[in-house]
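Remarks on the structure that follows.
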Amino acid sequence: MEKVVIIGTGCAGLTAALYTARANLQPLVLTGLHPGGLLTTTSIVENFPGFPEGIDGYELMVRMQKQAERFGARIKFATVEKVDFTKQPYTLIIDGETVQAETVIIASGAGHRHLGLESETELEKKGVTYCATCDGALPMFRHQPLVVVGGGDSACEEAMYLTRFASTVYLVHRRDSLRASKIMADRTLANPKIKPVWDSVVTEVMDVKQDKVTGVRLKNLKTNEESKLDCAGVFVAIGHVPNTQLFKGIIDMDEAGYILPKEGTRTNVEGVFVAGDCADQVYRQAITAAGQGCAAAIEAERYLAARSE
């Protein structure tokens, strides 16, 4: 019997792990398919307090994990396949194994949103990717024109990173101005290697027949004009989808799949708490996820204490 099971090892999950571990609850922390969460796919994180020079996203998550483990958190590289929250103790099926828990903290984060094109799916890992820091340095992308789709901070960060390797980076955005923070937008547009393509969407990734990316077809949303842009890779950075499919019909969520806390970090199921990007479509920052992880851990600790009285 576990006192606390934490689903997810991003900023929210690992902060929850740290706090519950220091409360001597010996949490079991499940990594899911992406240990460390999306932050491991970023390069330099400049806005996490305590790192004036910035810190590599992957390194930050490794440090957070080590800190939680120091106090007794147990990290397990496993995926939750099914949950039963109808009665206590709660039951989780983890890679075929049954685990029971008194409390659960859902910190499952979010995944990359896709364009929804058939050609995108067929050319994934063949030139279509969702992580510049993961794939940008591959030989197939070096000294080649590349396309980044999106207009937020993530898209700008992807484009900036790719300038290290690409000949030109085309930033394709459906609007006529970037949604990114002003400092990020200014930095991006000032880079001579980045060429914005405004008011446009990708309608096809080419070329499925060649089994590799050779370009994209674009449509201008204002003029309806169609065009073709040659490139060796497409980096999609158009937002995220919460990783909450496992809890559909069990935990209350909105139409987009974001979990809806009832009070603080409590969900509609007593003893089940939520933190991080799977419940946050407003801020979606590393520091806010960490703060929510802290809150969920404190609420779980108080819930367990009240049950034992």
Side-chain angles (χ1 to χ4, degrees), residues 38 41-47 54 57 112-240 284:
L38 286 179
T41 67
T42 65
S43 50
I44 298 299
V45 179
E46 295 181 319
N47 54 8
H112 297 287
R113 186 181 299 279
H114 292 202
L115 296 171
L117 302 173
E118 185 177 339
S119 54
E120 170 196 18
T121 301
E122 293 192 35
L123 290 171
E124 188 170 342
K125 298 181 180 178
K126 299 172 183 176
V128 174
T129 177
Y130 304 88
C131 177
T133 52
C134 306
D135 303 325
L138 292 174
M140 64 190 294
F141 298 134
R142 287 180 178 269
H143 312 297
Q144 299 291 328
L146 302 175
V147 164
V148 173
V149 184
D153 278 355
S154 295
C156 288
E157 184 177 345
E158 298 273 283
M160 290 289 291
Y161 183 82
L162 290 172
T163 59
R164 305 178 189 183
F165 313 105
S167 58
T168 305
V169 179
Y170 296 100
L171 184 57
V172 177
H173 185 41
R174 62 187 304 116
R175 297 180 176 85
D176 59 5
S177 62
L178 296 174
R179 294 183 295 105
S181 58
K182 189 176 187 308
I183 186 171
M184 184 64 80
D186 289 347
R187 189 183 299 171
T188 300
L189 295 176
N191 192 305
K193 272 195 170 185
I194 297 175
K195 310 295 182 186
V197 182
W198 303 117
D199 303 312
S200 298
V201 294
V202 174
T203 58
E204 181 186 355
V205 182
M206 305 164 62
D207 187 347
V208 173
K209 288 184 179 179
Q210 295 190 46
D211 205 32
K212 67 176 183 178
V213 172
T214 62
V216 292
R217 292 193 187 277
L218 301 173
K219 179 180 180 180
N220 187 293
L221 295 177
K222 288 186 174 178
T223 65
N224 286 326
E225 180 183 353
E226 296 187 357
S227 60
K228 177 187 169 185
L229 190 60
D230 292 333
C231 66
V234 177
F235 293 76
V236 182
I238 56 172
H240 303 99
R284 291 183 293 209

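Remember, it's a predicted structure, so these values are computed and weren't measured experimentally. Hydrogens, waters and symmetry mates play no part in the numbers below; they use all other heavy atoms, side chains included.
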Check: [X] side chain, [Y] main-chain N or O, donor-acceptor pair, under 3.5 Å:
X	Y	answer
K212	K209	no
E120	G116	yes
K195	T168	no
Q144	A232	no
T121	S119	no
D176	W198	no
E158	A132	yes

- With sequence neighbours left out, write down each residue that passes salt bridge (charged side-chain N to carboxylate O under 4.0 Å, His left out) with D153, or none if nothing qualifies. none
Show the nearest heavy-atom pair for residues [X] and [Y], with the distance to one decimal.
X	Y	value
L162	G136	CD2-CA, 3.7 Å
C131	T129	N-OG1, 3.3 Å
V236	R113	CG1-O, 3.8 Å
G151	A155	N-CB, 3.7 Å
G150	I238	CA-CG2, 4.1 Å
A237	S154	CB-C, 4.2 Å

Looking at side-chain heavy atoms only, is the closest gap between [X] and [Y] below 4.5 Å?
X	Y	value
V172	V148	no
V213	K126	no
R217	E226	no
H112	L38	yes
L117	T203	no

- Where do I194 and L189 land on the side-chain contact (heavy atoms from CB on, under 4.5 Å) test, with the steps shown first? CA-CA 7 Å; I194 297 175; L189 295 176; 5.6 Å; no
- Counting only heavy atoms not in I183, do more than 12 sit closer than 6.0 Å to its CD1 atom? no
- Message: With a sphere of 6.0 Å drawn around CD of E122, does it hold more than 12 non-hydrogen atoms of other residues, nucleotides or ligands?
- Response: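 For E122, atom CD is crowded (more than 12 foreign heavy atoms under 6.0 Å).
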- Check the pair F235, Y161 against ring pair (Phe, Tyr, Trp, His ring centres under 6.0 Å), reporting the backbone distance first and the verdict last. CA-CA 11 Å; F235 293 76; Y161 183 82; 9.1 Å; no
- Task: Starting from the C-alpha separation in whole Å, work towards a yes-or-no answer on side-chain contact (heavy atoms from CB on, under 4.5 Å) for V234 and V202.
- Result: CA-CA 10 Å; V234 177; V202 174; 5.6 Å; no
- Task: Please test C231 against V216 for side-chain contact (heavy atoms from CB on, under 4.5 Å), starting from the C-alpha separation and ending with a verdict.
- Result: CA-CA 7 Å; C231 66; V216 292; 4.2 Å; yes
- Task: To the nearest 0.5 angstrom, please state how far the CE atom of M206 sits from the OG1 atom of T214.
- Result: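 Rounded to the nearest 0.5 Å, the CE-OG1 separation comes to 5.0 Å.
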- How far does CE of M184 sit from CD of E46, to the nearest 0.5 angstrom? 6.5 Å
- Message: In terms of relative ring orientation, are Y130 and H114 parallel, tilted or perpendicular, with 30° and 60° separating the classes?
- Response: parallel
